[in-house]
Amino acid sequence: MSAIDAARFQADLLAWYDRSARDLPWRIPPDSGRRADPYRVWLSEIMLQQTTVAAVIPYFEGFTQRWPTVEALAQAPEEDVLSAWAGLGYYARARNLIACARAVAAAGGRFPQDEAGLRTLPGIGAYTAAAIAAIAFGEGATVVDGNIERVMARLHAVETPMPQAKAQLRAHAAALTPVRRPGDYAQALMDLGAGICRPRAPACLACPVRTHCDAAGNAPERFPVKAARAPRPARHGIAYWLTHEGDVLLTRRPGKGLLGGMTSFPTSDFLDERPSPVLAQAPGANWRILPVPVEHGFTHFSLTLAIAHADISGRPRPAGLWRSQGELESAGLPTLFKKVARAGLAALKEDA
DNA sequence: AAGTCGGGGGG
DNA sequence: CCCCCAGACTT
């Protein structure tokens with residue numbers, strides 16, 4: 001393992017960043033002398049966790065327009081925030097976002113300015129604490145995300161497979177972290193990982209730090225080395241489409257676990273076996289399975305969801321979250337149930 | 001250390 | 001299809 005001249009590395013990377021920084025809604029232009037708003041930095045970092053920049057931008061714009069300050073967000077009803085988050089995924093982030101906003105607002109509306117203080121807040125882990133400390137408060141924190149792990153693995157041609165290599169990659173990152181401009185430096189590494197040191201087909205010829213890199217031009221895409229991934233199992237379930245006088249029954253899912261707290265069609269559990277059509281929902285109704293099942297991929301399993309339809313117009317209306325068909329699109333449904341809504345509407349329109 | 005937790009874009 | 005993405009939290 002060859003040592004890197006940290007000062008030269010930082011200078012090369014920051015000079016490139018000064019020329020080529022991405023223009024992003026939550027970002028202050030490099031070395032502009034202005035300080036980023038901690039609220040906007042925090043919000044962007046939570047949204048960006050395991051998510052692409054392109055997916056986040058419209059959500060970030062929507063949130064900051066509707067809730068311009070952490071106090072405003074802290075006062076918002078939880079259902080409103082979850083609905084605004086719908087489609088972005090990893091809904092525990094949204095639940096923690098609310099908890100964090102309320103904790104910060106209760107403490108006077110100011111975020112802790114150091115890593116350790118930030119780390120105590122809900123939804124802020126090692127990465128996010130370091131990123132906020134560096135970007136919003138200028139602390140020389142070592143920021144390590146997936147991009148930076150990849151860059152470090154290539155700079156040092158680390159042969160240790162992930163995830164065992166994580167500690168080693170963090171140590172490399174720490175050795176290179178500057179005291180000056182730590183926020184720009186961290187964002188420069190992320191821009192480098194997103195645009196140059198990409199997972200596939202890295203652009204070594206365009207890389208501002210290729211002279212420091214053990215892997216440049218030498219099969220860099222081999223790093224970081226990863227263990228084989230387990231196959232994704234298939235699961236199955238039923239979504240219940242119950243109609244009454246033209247309205248459709250929705251529900252709110254339990255606050256924890258998969259799609260926790262989100263608005264949903266009533267469903268069966270999601271099981272390994274295709275469920276026998278036990279239609280416990282509204283017993284006695286004339287249930288039938290609509291022809292087109294919904295397919296949806298989660299991180300660790302793929303789901304096939306059959307849609308069961310029944311109409312109970314003229315009978316008593318069960319308690320629940322009833323919505324007209326026209327309201328389904330704006331009901332704050334996560335993507336899985338937006339797929340159900342579209343498939344159900346199409347199938348029922350076919351019938352009519 | 002391993003499992004849970006969304007969704008979309010690109011090869 | 002598989003991969004990855006500005007990861008955190010639970011067990």
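None of these values were measured; they are calculated from a predicted model. Note on naming: letters A, B, ... go to the chains in the order of the sequence lines (proteins, then strands), and numbering restarts at 1 for each one.
Between V53(A) and G123(A), the residue anchored closer to the 5' end of DNA chain C is V53(A), taking for each the nucleotide with the nearest heavy atom.
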- Pairing string of DNA chain B (Watson-Crick or G-U wobble, both atom distances under 3.5 Å; | = paired to other strand) is |||||.|||||
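Using a 4.0 Å heavy-atom distance criterion, W26(A) is classed as a base contact. Note on K226(A): only backbone sugar-phosphate atoms sit closer than 4.0 angstrom, heavy atoms only; bases stay farther off. L24(A) comes within 4.0 angstrom of a nucleotide base, judged by non-hydrogen atoms across all strands.
Using modelled atom types, no side-chain atom of E139(A) and backbone atom of A130(A) make a donor-acceptor pair closer than 3.5 Å. Without hydrogens or angle criteria, H172(A) side chain to V151(A) main chain gives no donor-acceptor distance under 3.5 Å. Side-chain atoms of R66(A) do not come within 3.5 Å of backbone N or O of F63(A) as any donor-acceptor pair. Between the side chain of T120(A) and the backbone N or O of A116(A), no donor-acceptor pair lies under 3.5 Å.
The nearest pair of heavy atoms linking L88(A) to A55(A) is CD1-O, 4.0 Å. A pairwise comparison of heavy atoms in C207(A) and L192(A) identifies SG-CD1, 4.1 Å as the closest pair.
The residues E149(A) and R170(A) are annotated as not salt-bridged, no charged nitrogen and carboxylate oxygen being separated by less than 4.0 angstrom. Salt bridge R235(A)/D272(A): present, at least one basic N to carboxylate O contact under 4.0 Å. The existence of a salt bridge linking R222(A) and E159(A) is confirmed by a sub-4.0 Å separation between a basic side-chain nitrogen and an acidic carboxylate oxygen. Using a cut-off of 4.0 Å between Lys/Arg side-chain N and Asp/Glu carboxylate O, D37(A) and R40(A) are scored as not salt-bridged.
Put simply, CZ on F223(A) is 19 Å from C1' on dC4(C), counting in whole angstrom units. A straight line from CD1 of I46(A) to P of dA8(C) spans 8 Å, rounded to a whole angstrom. Atom OH of Y127(A) is separated from atom P of dC5(C) by 12 Å (rounded to the nearest Å). Taking atom CG on D191(A) and atom C1' on dA6(C), their separation rounds to 10 Å, with Å as the unit. Protein atom CZ of R198(A) is 15 Å distant from nucleotide atom P of dC4(C), rounded to whole Å.
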- Query: Could you run down nucleotides 1-11 of chain B 5' to 3' and tag each one B, S or - for protein heavy-atom contact under 4.0 Å?
  - Reply: ---SBBSS-B-
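Look at T128(A) and you won't find any side-chain N or O under 4.0 angstrom from OP1 or OP2 of dA6(C).
Looking at L333(A) and F265(A), their side chains come closer than 4.5 Å, going by heavy atoms from C-beta outward.
Comparing dT11(C) with dG6(B), their P atoms sit 16 Å apart, to the nearest whole Å. Separation of the P atoms belonging to dA6(C) and dG11(B) is 15 Å when rounded to the nearest angstrom.
For the segment residues 136-153 of chain A, residues with any heavy atom less than 4.0 angstrom from an atom of DNA chain C are, sorted by number, D145(A), G146(A), N147(A), R150(A).
When each of dA6(C), dC3(C), dC9(C) is scored by its nearest atom to the side-chain atoms of R22(A), the top-ranked nucleotide is dA6(C).
Among the candidates L328(A), T267(A), T263(A), the single residue satisfying the side-chain contact (heavy atoms from CB on, under 4.5 Å) test with F337(A) is T267(A).
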